[in-house]
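Below, chains carry the letters A, B, ... as their sequence lines are ordered, and counting in each starts from 1.
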Amino acid sequence: MTVKTRFAPSPTGYLHIGGARTALFAWAYARRHGGKFVLRIEDTDVERSTPEAVQAILDGMTWLGLAHDEGPYYQMQRMYRYKEVIGQMLAAGSAYHCYMSREELDALRAAQEARKEKPRYDGSWRPEPGKTLPVPPSGVQPVVRFRNPVDGVVAWDDQVKGRIEIGNAELDDFIIARADGTPTYNFCVVVDDWDMGITHVIRGDDHVNNTPRQINLLKALGAPVPLYGHLSMILGDDGTKLSKRHGAVSVMQYFEEGYLPEAVINYLARLGWSHGDAELFSREQFVQWFDLDHITPSAAQFNTEKLRWLNQQYIKAADNARLAELARPFLVRNNADPDNGPDLAAVVALVKERAATVVELADAATLFYRTLHPAPELLAQHVTPDVLPALADLAGRLEGIDWERGAISAAFKETLAAHGLKMPKLAMPVRVLVTGETQTPAIDATLALIGKEKVLARLKAAL
RNA sequence: GUCCCUAUCGUCUAGAGGCCUAGGACAACACCCUUUCACGGUGUGAACCGGGGUUCGAAUCCCCGUGGGGACGCCA
């Protein structure tokens, strides 16, 4: 049997971090077993589904590198199939028309809640042997309900949570087609998973309660029941449910904040899954290791600090030319022109050890492309009158050398020796004068990249 | 309210009855390295929710509490 998994988002918003992890796990499972990964867009909620959201989900998956082998399928394009199956179920008696109005239903639920009961449909229109059904009111479009078994339990061995059993007594006859004829979620999922030959349903655990209904439906249809694995939810940094408040709405936001997709993948993989003590591993390694047995059944809290650390590890290891291209737009945003100054890849090589994100990388690179004027208090603090002679001496020595790091370093050391100073005493004022900052890479390497002319001009301006 | 799931350092987690005086990682703190800031290195503090069982032995199995989460839609 070929493994087939699917990711089935509803296009009502962006691909958020929880959805991304679900997609990652479903993708990895298919890859791990040489199977297929299906993308299915569940757009039957016409009110809330948008083409923009579909695109956003596609973009997010692409950025993360989660390619699907089949699809995307769109449920709205499969209406003919759902209607066909509903017709069959009606004919077979496993589904029936229900004429209870919304108002009646609301009243029923309200009464049940008042009695502290679990709100559920009471089966008024459910056909039973020897039971006389009410007369269908005229002018009312009926919904179609599934005739759920009354007795027994539905059980499955959840691939992450273990065995789960739910009594049929807890379930009611849920609606599979609305009054306007459109099918509902639980029904479409079942028909799709069946038609598409899905073998492993890996999804969020908010679907645990839907699973028994879907299994009953599958059985009524004579369809095979796939294996289910329910992933617990991801909580925000503050331990509460993820929402817009946490700024983690869309995975693309991580792109905008300067995270590398491989870092996000690595982080997400470790959130709720583990392989011994392994923390830092490639996508390929992840696919080789991934299994359902080591998924944590409880909810996990998102930790931006750790994501940052991982991202930093990936930035340090990343190719300079690639990082340069990624940083370029952020440099431009900083009003720096990356084409007017030292080679960006060389700058990136120098600053990447002190950047946790591409944004920070660009920020650190900015001083190489823009004249930054030091704040007066920095000048007052570092460029004190007693270092002026040493600075003048240094400027003189720099003027006569070949402009490369080793020679610059030598000029510093000679100046230090001549004036009996320690490195920071001289390097800090130079740093402030030339870059406008107190935090830069090693001063000799920094000066080497900025260029002789600019360095000398800025130094002399202070003397 | 009913049903379902869940519970190890602040956080992510290792742990499948003895290998656990509970391991790793992020974060914190200290020290080292050092040309500022970082990086890197070394080290320290930090957890099995509570109570009952089962067992020679329980973080691991069972039960009951408690905390957290989810579901109970003509949403998905």
Practice task
Nearest 0.5 Å please: distance from the CZ atom of A:Arg126 over to the CZ atom of A:Arg147.
Solution key: 4.0 Å
Exercise for the section: Calculate the interatomic distance between A:Leu350 atom CG and B:U36 atom P; express it in whole Å. Expected result: 15 Å
Interface polar pairs with nucleotides 60-70 of chain B, N/O, under 3.5 angstrom:
residue, atom, partner, partner atom, Å
B:G70, N2, A:Asn209, OD1, 3.4

Practice task
Name every residue in residues 351-367 of chain A that has at least one heavy atom under 4.0 Å from any atom of RNA chain B, in order of residue number, or write none if there are no such residues.
Solution key: A:Glu353, A:Arg354
Handout entry: Rounded P spacing from B:A22 to B:C9 in Å
Key = 14 Å
Practice task
Could you tell me whether a side-chain N or O of A:Arg270 sits under 3.5 Å from a main-chain N or O of A:Trp273, the two making a donor and an acceptor?
Solution key: yes
Practice task
Can you tell me the distance, in whole Å, between the CG atom of A:Asp238 and the P atom of B:G10?
Solution key: 17 Å
Problem - Euclidean distance for P, B:A59 against B:G53 (whole angstrom) - result: 15 Å
Problem - Atom C1', compared across B:A7 and B:G51: separation rounded to whole Å - result: 15 Å
Fill in the blank from the handout: Nearest heavy-atom contact between A:Ile198 and A:Val38 is CD1-CG2, 4.2 Å
Handout entry: Residue pair A:Tyr267 / A:Phe302: nearest heavy atoms and the distance that separates them
Key = CE2-CE1, 3.4 Å
Exercise for the section: Give the C-alpha distance, both sets of side-chain angles, the deciding distance and a yes or no for salt bridge (Lys or Arg N to Asp or Glu O under 4.0 Å) between A:Glu170 and A:Lys118. Expected result: CA-CA 8 Å; A:Glu170 296 298 326; A:Lys118 188 170 184 166; 3.2 Å; yes
Practice task
Could you please name the partner base of B:A28, counting Watson-Crick and G-U wobble pairs only when both distances are under 3.5 Å?
Solution key: B:U44
Practice task
Taking atom C1' in both B:G43 and B:C64, compute the distance separating them and give it to the nearest angstrom.
Solution key: 44 Å
Problem - Among B:C3, B:C74, B:A76, the one nearest A:Glu170 by side-chain distance - result: B:C3
Problem - Test item: A:Gln214 and A:Phe187 side chains (from C-beta on) under 4.5 Å apart, heavy atoms - result: no
Exercise for the section: Name the nucleic acid region contacted by A:Gln313, choosing base, sugar-phosphate or nothing; use a 4.0 angstrom heavy-atom cut-off, strictly under. Expected result: sugar-phosphate
Problem - Integer angstrom distance from the P of B:C61 to that of B:G17 - result: 8 Å
Practice task
Mind calculating the distance between CG (A:Asp277) and P (B:U13) to the nearest angstrom?
Solution key: 14 Å
Exercise for the section: Taking A:Glu42 for its side chain and A:Pro9 for its backbone only, find out whether a donor-acceptor pair lies under 3.5 Å. Expected result: no
Practice task
Using a heavy-atom cut-off of under 4.0 Å over every strand shown, decide if A:Thr296 touches base, sugar-phosphate, or nothing.
Solution key: sugar-phosphate
Exercise for the section: State, with a plain yes or no, whether a side-chain heavy atom of A:His419 is found less than 4.5 Å away from one of A:Thr415. Expected result: yes
Practice task
To the nearest Å, give me how far apart CZ (A:Phe146) and P (B:G73) are.
Solution key: 17 Å
Exercise for the section: Using the test side chain to side chain contact (heavy atoms under 4.5 Å, CB included), find all partners of A:Ala346 that sit at least two apart in sequence or belong to another chain. Expected result: A:Asp343, A:Leu449
Exercise for the section: Please check if the side chain of A:Tyr29 supplies one atom and the backbone of A:Leu24 the other of a donor-acceptor pair under 3.5 Å. Expected result: no
Handout entry: Spacing of A:Leu416 atom CG relative to B:U35 atom C1', expressed in whole Å
Key = 9 Å
Handout entry: Nearest-neighbour nucleotide for the A:Pro119 side chain, B:U36, B:G1, B:C39 considered
Key = B:G1
Practice task
Would you kindly give the CZ-to-P distance between A:Arg308 and B:C39, to the nearest whole Å?
Solution key: 10 Å
Problem - A:Gln75 side-chain proximity, nearest of B:A76, B:A7, B:C74 - result: B:A76
Practice task
Scan A:Ala300 against the nucleic acid and name what it touches under 4.0 Å (heavy atoms): base, sugar-phosphate only, or nothing.
Solution key: sugar-phosphate
Problem - Separation of B:G73 P from A:Leu171 CG (nearest whole Å) - result: 12 Å
Exercise for the section: Take atom C1' in B:G67 and the same atom in B:A76, then report the distance between them in whole Å. Expected result: 29 Å
Fill in the blank from the handout: Quick note, A:Lys118 side chain, CB onward, closest among B:G1, B:U13, B:U6 is B:G1
Practice task
Kindly determine whether A:Thr211 and A:Arg203 satisfy side chain to side chain donor-acceptor pair (under 3.5 Å), including the steps that lead there.
Solution key: CA-CA 11 Å; A:Thr211 306; A:Arg203 56 174 19 164; 3.1 Å; yes
Exercise for the section: Measure centre to centre between the rings of A:His207 and A:Tyr185, then say whether the value is under 6.0 Å. Expected result: yes
Within the sub-3.5 Å range, which N or O atoms of nucleotides 26-29 of chain B have a protein N or O partner, and how far apart are they?
residue, atom, partner, partner atom, Å
B:C26, O2', A:Lys306, N, 3.3

Handout entry: With A:Asp363 via side chain to side chain contact (heavy atoms under 4.5 Å, CB included) - residues at least two apart
Key = A:Asn334, A:Val359
Exercise for the section: Rounded to whole angstrom, note down the P distance from B:A47 over to B:G24. Expected result: 14 Å
Fill in the blank from the handout: When rounded to whole Å, the CG to P distance for the pair A:Leu292 and B:A16 reads 20 Å
Problem - Test side chain to side chain donor-acceptor pair (under 3.5 Å) applied to A:Arg405 - qualifying residues, sequence neighbours left out - result: A:Asp444
Problem - Sugar-phosphate only, base, or nothing, as touched by A:Gly272 at under 4.0 Å among non-hydrogen atoms - result: sugar-phosphate
Practice task
Assign A:Asp158 to base, sugar-phosphate, or nothing according to its heavy-atom contacts below 4.0 angstrom with the strands shown.
Solution key: nothing
Practice task
Using the C1' atoms only, state how far B:U44 lies from B:C5, rounded to an integer number of Å.
Solution key: 38 Å
Exercise for the section: Could you tell me whether A:Lys316 contacts a base, only the sugar-phosphate backbone, or nothing, with contacts defined as non-hydrogen atoms closer than 4.0 Å? Expected result: sugar-phosphate
